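Here is how names work: the chains are called A, B, and so on, in the same order as the sequence lines, proteins then strands, and each is numbered from 1. Just so it is clear, the values below take in all heavy atoms, side chains as well, and ignore hydrogens, waters and symmetry mates. Small disclaimer: the values here were computed from a predicted structure and weren't measured.
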Amino acid sequence: MSETPAPPTEFPVKVIDGSPLGRALQFETVAMETATATLKAPYLPEMVGDPDTGVIAGGVVTALLDHASGQAVFAALGYPTGIATLDLRIDYMRPAEPGLDIFARAHCYKLTHSIGFVRAVAYDRTADDPVATAQAAFMLGTGEAPMARPGQGPEAGR
Amino acid sequence: MNGLPVEDVGERLNAMLARIPYAQFLGVRAELAGDEMTLIMPYAERLIGNINLPALHGGVVGAFMEMTALAQLSISVGLARQARPIDVTVEYLRSGRPVTTFARAEIKRIGRRVANVHVEAWQEARGKPVAGLHGHFHLKPVEPPAS
């Protein structure tokens, strides 16, 4: 059996480090596998969308799913390039449980030379009981690679 | 509208947004012109997703439009409780630049339980939208039983 190349963990982690939104909401990469990324967002007071119940805003889940989906594309590509979300569809299954961290697991199941297709699921306890699911399409090779600030990332300065 | 003067509706709307922590994180406020509401999201560094372009985070633009739909529903229907998104589809048309973003929602249909809402977000020119959203919202969400 031929040796499988190690998943490209380093670049996508830098994506979060270099993203002000990812930092502000404390998104964290918990796993990078082949074409798959799992992110965690801790439950933060500023994420609450319904002050009466403490349930986080749907928009937080939107941002986390979008972010995880983009990382899954990088995980599948294995190299940095500019990507742009074309569309993102989210189905909200149930409110997230107040106080629990939320996870998003995204899988880039198809890459063409210009498009990446991704499915993602957001959950608080287990992926079998999702808070939301998402389907997204990304355009590849749109300008500069995100977050590879000068002096950082494998293709910095390009 | 609920038969209230526009100023009161606008005040109530901004008071409602002030109570929502995530609306405060996004930094949004509402402006009313008659029965037409515009949600405004001034630029802030924390809203950036790609610092090289730089571009607003796609999730932020989506969240902003979702909030526009919820705000429009709250003034149009006069909901006692916040509506809850069932599904949303976001299409990204242009990269969101680091400037103020605006959005308006159009309620396409209100049923007894579900509303269908379209939202458009733009920056410098209304005719050059940066993104669109269409979604279904539950008007009378039932609280899940406490587990």
message = Parallel, tilted or perpendicular, judged at 30° and 60°: which one describes the rings of A/H67 and B/H57?
response = parallel
key: ILVMFWY cluster, B/V99 and B/L39 together (side-chain gap under 4.5 Å)   = no
inquiry  = How long is the straight-line distance from CD1 of B/I86 back to CE of A/M93, given to the nearest 0.5 Å?
reply    = 11.0 Å
note = Heavy-atom closest pair (A/P51 atom, B/Q82 atom, distance to 0.1 Å) is CD-NE2, 4.3 Å
query = Can you name the nearest heavy-atom pair linking B/Y22 to A/G59, along with the distance?
reply = OH-O, 3.5 Å
Hphob cluster co-occupancy, A/V131 + A/L44, side-chain heavy atoms under 4.5 angstrom = yes
key: Heavy-atom pair of closest approach, residues A/L21 and B/V60   = CD1-CG2, 3.2 Å
note = Comparing B/L47, B/L93, B/L56, B/V88 against chain A, the one with the most heavy-atom pairs below 4.5 Å turns out to be B/V88
ask   = For the side chain of B/E66 and the backbone of A/T62, is there at least one donor-acceptor N/O pair under 3.5 Å apart?
value = no
task = Measure the spacing between CD1 of B/I20 and CG of A/D50 and express it to the nearest 0.5 Å.
result = 7.5 Å
inquiry  = Please determine whether the number of non-hydrogen atoms from other residues, nucleotides or ligands lying under 6.0 Å from atom CZ of A/R94 exceeds 12.
reply    = yes
Straight-line distance of A/D52 CG to B/R19 CZ, nearest 0.5 Å = 4.5 Å
ask   = Do you know which of B/M65, B/R46, B/Q24 has the most heavy-atom pairs under 4.5 Å to chain A?
value = B/R46
query = Any chain of hydrophobic side-chain contacts (each under 4.5 Å) joining B/I40 to B/V61?
reply = no
message = Using 0.5 Å steps for rounding, measure from the CZ atom of A/R23 to the CD1 atom of B/I48.
response = 11.0 Å
message = For B/P21 versus A/P45, what's the shortest heavy-atom pair and its separation?
response = CB-O, 3.2 Å
From A/D87 atom CG to B/L133 atom CG, the distance as rounded to the nearest 0.5 Å = 11.5 Å
B/E31 atom CD, neighbour heavy-atom count above 12 within 6.0 Å = no
remark   = Nearest heavy-atom contact between A/T85 and B/Y92 is O-CB, 3.0 Å
